[in-house]
Number of protein chains: 2
Amino acid sequence: MDEYTDEQKLSVILKATSDPTRRSLLTTLVQQGPSRVTELAQHYDMSLNSISKHIKVLEAATLVTRKTIGRVHLIQAQLEPINEIDNWFKNLRSIWDLRLDDLETILNKEHCDDGSQQ
Amino acid sequence: MDEYTDEQKLSVILKATSDPTRRSLLTTLVQQGPSRVTELAQHYDMSLNSISKHIKVLEAATLVTRKTIGRVHLIQAQLEPINEIDNWFKNLRSIWDLRLDDLETILNKEHCDDGSQQ
DNA sequence: CGTATATTCAACCAAATGGATGAATATACT
DNA sequence: AGTATATTCATCCATTTGGTTGAATATACG
């Protein structure tokens, strides 16, 4: 995912996590540790191929890594990328707080002088 | 969005935020405070109608609210729902930490007894 | 070597998404 | 009343998405 900007990475991560099956897969992986594709698929009323595709979406979002041992693919959760979501939100909230501070300043000014600052 | 389960709400919120234009709209709204649809649209090389649709997606995800005053629709950011994402991630990470603790316990056991616990 | 197992690849399909445009609605202005 | 402005509604279109099935690939096992 190195060829993408941070913004694009964030989009990919958010979209990957927006599907309930994929979030469930992540939870299972975090609970059980590295798991085989077939093993993961058993939890779902869905074809193995569909799960395989979901895993590839997670992999593209770097939310899981794959270690191939013989014919078995071990899938492992990777939580770090979710921090990107966290950072985005923190940033948003800090802008928000900043604006509220400004508003407060304005309100305080209104309190002291003529209040012409709408 | 009351007719949805928490899981479904989370999906809607994540999907809504997964689009770069919509994240940008949220940022603009947080920076500038409540804004009109036309005003928001001016920031983008995209039709007013498309922006209107994006806003409706954000609205459906409860990430913005709308206050209609005459013919003007004032759109306001609403950051609370993003906490749902935060909660999901915190939960995931806590499961992760739990499993690491277990692993550590097992490793400690290996250290003391015969280590047969693979 | 032949067969079973684990997984992906390829093609297909219906539904959703993100965009556009043109018409409709509702409000404001003179 | 008539015109301009703000916004949504309705369609349409190309692309993506989430699922399916069947074939291919690669490894393991007897």
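All figures in this text were calculated on a predicted structure; none of them were measured in a lab. Each chain gets a letter, A, B and so on, in the order the sequences are listed, and its residues count up from 1.
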Visitor: Any ion pair linking B/R93 and B/D97 (charged N to carboxylate O, less than 4.0 Å)?
Guide: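 Salt bridge flag = no for B/R93 with B/D97.
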Visitor: When the distance from CG of B/L74 to C1' of D/dA6 is rounded to whole Å, what number comes out?
Guide: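 Taking CG of B/L74 and C1' of D/dA6, I get 12 Å after rounding.
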Visitor: Want to settle it: does A/H54 or B/S52 sit nearer the 5' end of DNA chain D, counting the closest nucleotide to each?
Guide: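 Residue closer to the 5' terminus by nearest nucleotide: B/S52.
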Visitor: Taking the six-membered ring of B/W96 (Phe, Tyr or Trp), confirm whether the NZ or CZ of B/R99 is under 6.0 Å from its centre and within 45° of its axis.
Guide: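 Judged by the rule, B/R99 and B/W96 form a cation-pi pair.
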Visitor: Which nucleotide in the set C/dG19, D/dT7, C/dA11 lies at the smallest distance from any side-chain heavy atom of B/K53?
Guide: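 Looking only at side-chain atoms, B/K53 lies closest to C/dG19.
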Visitor: Take atom CZ of B/R36 and atom P of D/dT5, then tell me their distance rounded to the nearest Å.
Guide: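 Atom CZ in B/R36 sits about 12 Å away from atom P in D/dT5.
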Visitor: Using a distance-only test with no angle check, is there a side-chain donor-acceptor pair under 3.5 angstrom linking B/Y44 and B/S24?
Guide: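 B/S24 and B/Y44 do have a side-chain donor-acceptor pair below 3.5 Å.
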Visitor: Grab the CG-C1' distance between A/L48 and D/dG18 for me, whole Å please.
Guide: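 From A/L48 CG to D/dG18 C1': 15 Å.
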Visitor: With a 4.0 Å limit, can you tell me whether A/S47 has a side-chain N or O closer than that to the phosphate oxygens OP1/OP2 of D/dG19?
Guide: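 Looking at the OP1 and OP2 atoms of D/dG19, neither is under 4.0 Å from any side-chain N or O of A/S47.
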Visitor: Under the 3.5 angstrom rule, does the side chain of A/R22 hit a backbone N or O of A/T17 as a donor-acceptor pair?
Guide: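 No, because the side chain of A/R22 does not come within donor-acceptor range (under 3.5 Å) of the backbone of A/T17.
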Visitor: Specify the residue among B/V72 and B/R22 whose closest nucleotide of DNA chain C lies further upstream toward the 5′ end.
Guide: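 It is B/R22, whose closest nucleotide lies nearer the 5' terminus.
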Visitor: Between the base of C/dG22 and the side chain of B/N49, is there any donor-acceptor pair under 3.5 Å?
Guide: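 Per atom types, the contact qualifies.
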Visitor: Once you round it to whole Å, what is the distance between P of D/dT7 and CD of B/E39?
Guide: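 That distance rounds to 9 Å.
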Visitor: Using whole Å, report how far CD1 of B/I51 lies from C1' of C/dG19.
Guide: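 Atom-to-atom, B/I51 to C/dG19, this comes out as 11 Å.
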Visitor: A/D45 or A/G70: which one's nearest nucleotide on DNA chain D is closer to the 5' end?
Guide: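 Comparing both residues, the 5'-ward one is A/D45.
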Visitor: Between A/S50 and D/dT20, does any side-chain N or O lie under 4.0 Å from OP1 or OP2?
Guide: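 So the side-chain polar atoms of A/S50 do come within 4.0 Å of the phosphate oxygens OP1 or OP2 of D/dT20, strictly under.
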Visitor: Nearest-Å distance, CG (B/L40) to C1' (D/dA6)?
Guide: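 Between C1' of D/dA6 and CG of B/L40: 13 Å.
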Visitor: Base, sugar-phosphate alone, or nothing: which one does A/K56 contact when heavy atoms must sit under 4.0 Å apart?
Guide: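 Sugar-phosphate, backbone atoms only, no base.
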Visitor: Does A/D86 reach the side chain of A/I82, with side-chain heavy atoms less than 4.5 Å apart?
Guide: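 No, their side chains stay 4.5 Å or more apart.
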Visitor: NZ of A/K15 versus P of D/dG18: gap in Å, rounded?
Guide: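 Between P of D/dG18 and NZ of A/K15: 8 Å.
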Visitor: Distance criterion of 3.5 Å, no angle test: do you see the side chain of A/R71 paired donor-to-acceptor with the base of C/dT5?
Guide: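 Per atom types, the contact qualifies.
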Visitor: Rounded to whole Å, how long is the line connecting atom NE2 of B/H73 with atom C1' of C/dA26?
Guide: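 In whole Å, C/dA26 C1' lies 8 Å from B/H73 NE2.
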